[in-house]
Amino acid sequence: MWLFDKDLWIEIFHTLGKNMFRTFLTMLGVIFAMIILVLLLGSANGMSNGFNKIFAGTASNSLFVWGQSTSEPYKGFERGRRIRYKLEDAEILKKQIPEIEVLAPRIELASHRGTVSVYRNGQTSGSAVYGDYPEIDNITKKKLVEGRFLNQTDIDYSKKVCVIGEETYKLLFEKGEKAMGEEIRINGVYFTVVGIYKPNNNINIDGENAVFIPFSTFQKAFNSGDRMGWMAIAVQESTPVSFVESQIKTILKAKYDIHPDDERAIGSFDMSEIFNNITAFTTVLQGFSFFVGIFTLLAGVIAISNILLITVKERTQEIGVRRALGATPVIVKRQIVLEAIVLTAFAGLVGFAVAVGILSIMNSMWGSGDNFPFVQPMISIPQFVISFILMVGLSVLIGLLPANRAVKIKPIDALREE
């Protein structure tokens with residue numbers, strides 16, 4: 001097979017090596033083009049990974065629903081009526097909407113009592129206090145520094161235990177002081193600390209200065225009855241959150257005699273919208289990076305074509321002799337196209353290696369930070385394969401220009417060249 005012809009490759013490398021400096025300058029364009037392409041794609045991927053890290057632990061298909069005040073009179077009720085949910089609403093929604101994967105009722109002490117006092121040994125923290133079920137950890141994951149989170153046993157037996165944030169710990173305890181098993185006082189009721197958490201990401205829904213206690217304990221300790229503040233909901237991956245949100249509002253409006261057109265009575269927040277917007281942004285960023293990189297690469301490959309046109313001019317006699325000795329146009333074309341491919345492929349691999357080194361340095365400098373959204377800025381194997389195939393394909397197309405020029409040289413004219 002001609003591709004494995006040793007003499008062919010010796011001739012190609014001999015031709016390219018005759019003027020090493022010009023060959024090196026020719027490759028510089030492709031080297032820098034590949035560096036730019038890989039850096040752009042790697043940076044876009046790193047930013048995408050960084051956003052994923054920021055949102056890690058927060059269910060991307062989550063929804064939050066709470067009660068507000070009505071804005072329309074309906075069935076004898078005046079506008080401005082406050083909607084307050086009950087625990088039974090959670091069970092109704094779970095039964096009637098099978099697409100709900102997790103539903104965690106929540107209640108906050110400030111909205112129930114108005115004033116909150118979290119106290120220990122003469123120190124107060126000003127913490128937010130939430131009554132929660134263990135399921136809330138499936139929607140907004142807490143990264144435990146020590147101890148555990150709430151569990152079903154705490155709910156079943158209404159245990160007076162709590163999980164506190166790192167900021168709460170700093171405000172109530174001395175540095176290095178043991179917190180596990182110690183008691184804090186919430187509005188005069190003592191709770192034992194069983195866990196310390198910090199937010200799992202920068203999407204800090206509840207904050208670091210918060211205290212979580214079992215929902216059932218909250219009911220008894222603060223006499224909240226069957227009241228529920230709001231609901232945190234995770235929807236099945238295959239179901240649009242907006243679909244479930246619409247169903248929830250329809251059911252609750254019917255139950256609480258809310259006007260069907262009242263848009264203010266039920267508050268909601270669709271977390272999936274943030275995730276979808278970020279996904280769209282990173283996808284566009286990756287596409288733009290690839291677009292810019294490919295055109296930069298095309299400019300580099302065109303430079304190789306221009307240099308090969310010059311070398312074809314210089315090799316007029318050589319080509320004429322080969323044609324006179326019986327070399328067909330296909331053989332002449334093949335050699336010049338292969339020269340273009342060798343130059344482009346080698347320069348591309350050099351640029352790729354340099355870019356990967358730069359990305360590795362960037363990752364070591366910023367990749368482990370909690371705030372800078374830049375994690376593992378590397379291009380994927382499919383991206384590299386596609387880029388390399390496009391680069392070689394462009395080199396073939398561009399190489400055809402000097403190759404066609406070469407085969408148009410007539411042997412008799414070439415032999416007259418001095």
Closest heavy-atom contact between S158 and T217? C-OG1, 3.0 Å

Aromatic rings F215 and Y133: how do their planes relate, parallel, tilted or perpendicular, breaks at 30° and 60°? parallel

Name the orientation class of the two ring planes belonging to W230 and Y130 (parallel below 30°, tilted from 30 to 60°, perpendicular beyond 60°). perpendicular

Within 6.0 angstrom of F346 CZ, more than 12 heavy atoms from elsewhere: no

Count the heavy atoms of every other residue, nucleotide or ligand shown that sit under 6.0 Å from CD of Q236, and state whether that count exceeds 12. yes

Do you see a donor-acceptor pair shorter than 3.5 Å between the side chains of S71 and D262? yes

Any donor and acceptor pair, going by atom type alone, linking the side chain of Y169 with main-chain N or O of E177 inside 3.5 Å? yes

Heavy-atom pair with the smallest gap, counting every atom of I258 and A265: CG2-CB, 3.6 Å

Checking the side chain of S62 only, and the main-chain atoms of A234 only, is there a donor and an acceptor separated by less than 3.5 Å? no

Measuring from atom CD1 of I266 to atom CD of Q68, what distance do you get when rounded to the nearest 0.5 angstrom? 9.0 Å

Closest heavy-atom pair, F384 versus L349, reported as atoms and distance to 0.1 Å, is CZ-CD2, 4.2 Å

May I ask you to say whether E208 pairs ionically with K142, meaning some side-chain N is under 4.0 Å from a carboxylate O? no

Would you say K160 and T192 are linked by a side-chain donor-acceptor pair, where the criterion is simply a distance under 3.5 Å? no

Assess whether a salt bridge exists between K170 and E166, defined as any Lys/Arg side-chain N lying under 4.0 Å from an Asp/Glu carboxylate O. no

Donor on one side chain, acceptor on other, D156 and Q152, under 3.5 Å: yes

Please tell me whether S117 and N187 have a donor and an acceptor in their side chains that are separated by less than 3.5 angstrom. no

Would you confirm whether N277, through its side chain, and E273, through its main-chain N or O, come within 3.5 Å as a donor-acceptor pair? yes

Kindly say whether the aromatic ring centers of F352 and F388 come within a distance under 6.0 Å. no

Mind listing the closest non-hydrogen atom pair of F149 and P134 along with its distance? CE2-O, 4.2 Å

Under-4.0 Å salt bridge between E88 and K255: yes

Q219 and D226: side chain donor to acceptor below 3.5 Å: no

Which of parallel (below 30°), tilted (30 to 60°) and perpendicular (above 60°) describes F222 and F218? perpendicular

Checking the side chain of S246 only, and the main-chain atoms of F243 only, is there a donor and an acceptor separated by less than 3.5 Å? no

Do D137 and K143 sit within salt-bridge range, that is, some charged N less than 4.0 Å from a carboxylate O? no

Please report the shortest heavy-atom distance between I233 and I139, naming the atom on each side. N-CD1, 3.7 Å

